[in-house]
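The structure appears right after this line, and notes come after that.
These numbers were taken from a predicted model, which means no experiment stands behind them.
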Amino acid sequence: MSFSGEVKDELSHQISSARHCQIAEIAAIISLCGRIFISVEDEYAIQIHTETIAVARKYFILLKNTFQIVAEVSVRQNSYLKKNKTYTVTVKEHKSALWILKATKLMNVQGEIQEDLSIQSNLVVQQICCKRAFIRGAFLAAGSLSAPEKFYHFEIVCASFAKAEQLRAMIKTFQIEAKIILRKRYYVLYIKEGSQIVDILNVMEAHQALMELENVRILKEMRNSVNRKVNCETANISKTVSAAVKQIEDITYIKNKTGFSGFTNGLEEIAQLRLEHPDATLKELGMMIDPPVGKSGVNHRLRKLSEIAEQLREREGDRRDRKETAE
C-alpha cells in the first residue's frame, strides 16, 4: 500500500464523536467525489464514487452513525486495469437524500444545489473541530500524499476554483499556507513544505502517519547535514591542496632561478619546510619552526614567497620581450 493509501486507511478509522463533525466530513466527501441525481418526479439520490475502499467504508459508517441510513454499496472491476476497483455508495431513498443534503448545507433553503456541490452555508464548518473534519473528508475523497522518502507533496483535487479557494481559506485558519494551480480542467490545492505537511496531518488527526513522516524528515535532515559537512570538508581539503601546490611551484621557481641566498632566515626556513612537507597544513608547518609560529605568520611568509616568485616571472617576461624585440 502506498503512503497515501496508509494515511487514508488511518483516517477511515478516525470517527468524530460529535454529530456536527460527522456532518462536516460527510459534506466534504459528497462535495469532492459525489453526484446528485434528480428523477423526473423530482426525487433525489446521492452517489459517491471512489477507488479507495477506506473512503467507501468511512462514508458508509458516517451515514449509518449520523443519519441511521444504510446506503447501498457496489463494487465494479476496471476492465482495463485488473487491479483497480471502483466503489460506489448510493443513497437512493428520496427523503434520506434530502435529509443529508439539507444537513450538510449542500442544498440551500430554496432547495437549490450548486453544480459544483459547494457548501451553501459556513455553519457546517463554523467550529474548529468541524473544519478539521471537513479537511479530513476532502483529503479522503480527492487527496493524495507522496511517499516522504522521495519528496514532499500533499494535494487535494477540486472541480472548481471556488471550492479550492474555500478549502484553502479553511486550511489557512490553522496557519498553513496552501497554493492552488490549474491542472488540465481541475484546480489542485497543494502543499510542498515538509513541516506544513506535518501540520496538515496533525489537523486531520493522522497521528501515525505524522510520526512516520517526522521520522523520515529527521533521517533526511541528518543525511543532508552529513553531506553538507562532507562537502565542506572536501572543499576545504581541495582548497588547501591547491594552495600547497601553488606554494611549492613558486618556491621551486625561486630555487631554480635565484636560490634562497639573501632571504631572511624565516623565509628560507619556511621555503625548505614547505618543499620537505608538501602535505602539511599551515598549523603543522608553524609547529616545525623553532620557536613555533602561528598559522597567520606561516601564511604571511608563504604569501611573501609567492610575491617574490611573481616578481621574478615578470622580470623573466620583460627580458624575453626585450630579446624578441631586438631580434
Note to self: Show me the pairs that pass salt bridge (Lys or Arg N to Asp or Glu O under 4.0 Å) and involve residues 275-297, at least two apart or across chains.
What the structure shows: none
Check: Measuring from Asn65:CG to Ser16:OG, what's the distance to the nearest 0.5 Å?
Finding: 10.5 Å
Item checked: Separation between CG of Leu140 and CD1 of Ile135, rounded to the nearest 0.5 Å -> 12.5 Å
Check: Distance from Glu268 atom CD to Ile254 atom CD1, nearest 0.5 Å?
Finding: 11.5 Å
Next item on the list: For the residue pair Asp9 and Ser12, establish whether any side-chain heavy-atom pair is separated by less than 4.5 Å.
Entry: yes
Note to self: side chain to side chain contact (heavy atoms under 4.5 Å, CB included) for Met288 and Glu269? Distances and angles first, verdict last.
What the structure shows: CA-CA 10 Å; Met288 296 175 193; Glu269 187 177 15; over 6 Å; no
Margin query: Can you give me the closest heavy-atom contact between Cys130 and His20, atom names plus distance?
Written below: SG-ND1, 3.1 Å
Checklist line | pair Arg217-Tyr152: side-chain heavy atoms closer than 4.5 Å | finding: yes
Margin query: Run Ile251 and Leu302 through side chain to side chain contact (heavy atoms under 4.5 Å, CB included) and show every step you take.
Written below: CA-CA 9 Å; Ile251 293 168; Leu302 289 170; 4.2 Å; yes
Next item on the list: Could you tell me how the ring of His153 sits relative to the ring of Tyr190: parallel (under 30°), tilted (30 to 60°) or perpendicular (over 60°)?
Entry: parallel
Note to self: One pair to check against side chain to side chain contact (heavy atoms under 4.5 Å, CB included): Val198 and Glu214. What are the steps and the verdict?
What the structure shows: CA-CA 7 Å; Val198 168; Glu214 280 287 51; 3.8 Å; yes
Next item on the list: Would you mind reporting whether Val298 and Leu273 have side-chain heavy atoms less than 4.5 Å apart?
Entry: no
Checklist line | Closest contact, heavy atoms only, Val7 versus Ala209 | finding: CG2-CB, 3.6 Å
Notebook entry, point to check: Under 4.5 Å between any side-chain heavy atoms of Leu282 and Arg274, yes or no?
Noted result: yes
Check: Do Leu201 and Leu145 have side-chain heavy atoms sitting under 4.5 Å apart?
Finding: yes
Item checked: Same cluster (ILVMFWY, side-chain, under 4.5 Å), Met204 and Ile176 -> yes
Checklist line | Nearest non-hydrogen partners of Ala164 and Leu189, listed with the distance | finding: O-CD1, 3.5 Å
Notebook entry, point to check: So which of Val55, Val75, Ile48, Thr52 actually passes side-chain contact (heavy atoms from CB on, under 4.5 Å) with Tyr87?
Noted result: Val75
Note to self: Do Val188 and Ile156 land in one hydrophobic cluster if side-chain heavy atoms of ILVMFWY residues count as linked below 4.5 Å?
What the structure shows: no
Notebook entry, point to check: Does atom CZ of Arg76 have more than 12 heavy-atom neighbours from other groups under 6.0 Å away?
Noted result: no
Next item on the list: Could you check whether the rings of Phe154 and Phe139 sit parallel, tilted or perpendicular, using 30° and 60° as the cut-offs?
Entry: parallel
Next item on the list: Output yes when a side-chain donor or acceptor of Thr173 lies under 3.5 Å from a complementary backbone atom of Met170, and no otherwise.
Entry: yes
Notebook entry, point to check: Cluster question for you: counting only ILVMFWY and a side-chain heavy-atom cut-off of under 4.5 Å, with indirect links fine, are Val157 and Phe3 together?
Noted result: no
Next item on the list: Could you point out which residue of Lys131, Lys58, Arg132 forms a salt bridge (charged side-chain N to carboxylate O under 4.0 Å, His left out) with Glu25?
Entry: Lys58
Item checked: Rounded distance (nearest 0.5 Å) linking atom OG1 of Thr66 with atom CD1 of Ile61 -> 11.0 Å
Notebook entry, point to check: So, for Leu32 and Ala142, which heavy atoms are closest and what is the spacing to 0.1 Å?
Noted result: CD1-CB, 3.8 Å
Notebook entry, point to check: What residue pairs, at least two apart or across chains, pass ring pair (Phe, Tyr, Trp, His ring centres under 6.0 Å) with a residue in residues 34-60?
Noted result: Tyr44-His94
Margin query: As an exercise, state the distance from CD1 of Ile100 to CD1 of Ile69, rounded to the nearest 0.5 Å.
Written below: 3.5 Å
Notebook entry, point to check: Which heavy-atom pair separates Glu165 from Arg168 by the least distance, and what is that distance?
Noted result: OE1-NH2, 2.6 Å
Note to self: Apply side chain to side chain contact (heavy atoms under 4.5 Å, CB included) to residues Ile308 and Leu267 and explain how you reach the verdict.
What the structure shows: CA-CA 11 Å; Ile308 293 169; Leu267 281 181; 4.2 Å; yes
Note to self: Is any side-chain heavy atom of Leu98 closer than 4.5 Å to one of Lys102?
What the structure shows: yes
Next item on the list: Check the hydrophobic clustering (I, L, V, M, F, W, Y; side-chain heavy atoms under 4.5 Å; chains of links allowed) and say if Phe67 and Leu62 are grouped together.
Entry: yes
Notebook entry, point to check: Is His207 atom NE2 crowded by more than 12 heavy atoms from other residues, nucleotides or ligands, each under 6.0 Å away?
Noted result: yes
Item checked: For the student: nearest non-hydrogen atoms of Ala103 and Ile23, plus distance -> O-CG2, 3.4 Å
Item checked: Separation of Arg223 CZ from Ile218 CD1 (nearest 0.5 Å) -> 12.5 Å
Note to self: Treating Glu193 as the side-chain partner and Gln196 as the backbone partner, does any N or O pair qualify as donor plus acceptor under 3.5 Å?
What the structure shows: no
Next item on the list: Using a 4.5 Å cut-off on heavy atoms from C-beta on, say whether the side chain of Val245 contacts that of Ile248.
Entry: no
Notebook entry, point to check: With sequence neighbours left out, which residue pairs that include part of residues 248-257 fulfil the salt bridge (Lys or Arg N to Asp or Glu O under 4.0 Å) condition?
Noted result: Lys246-Asp250, Asp250-Arg313, Lys257-Glu316
Item checked: Beyond-backbone contact of Ile289 with Arg301, side-chain heavy atoms, under 4.5 angstrom -> yes
Note to self: If the threshold is 4.0 Å, N to carboxylate O, is there a salt bridge linking Glu205 and Arg136?
What the structure shows: yes
Check: Does Val73 share a hydrophobic cluster with Ile53, counting links as ILVMFWY side-chain heavy atoms below 4.5 Å and allowing steps through other members?
Finding: no
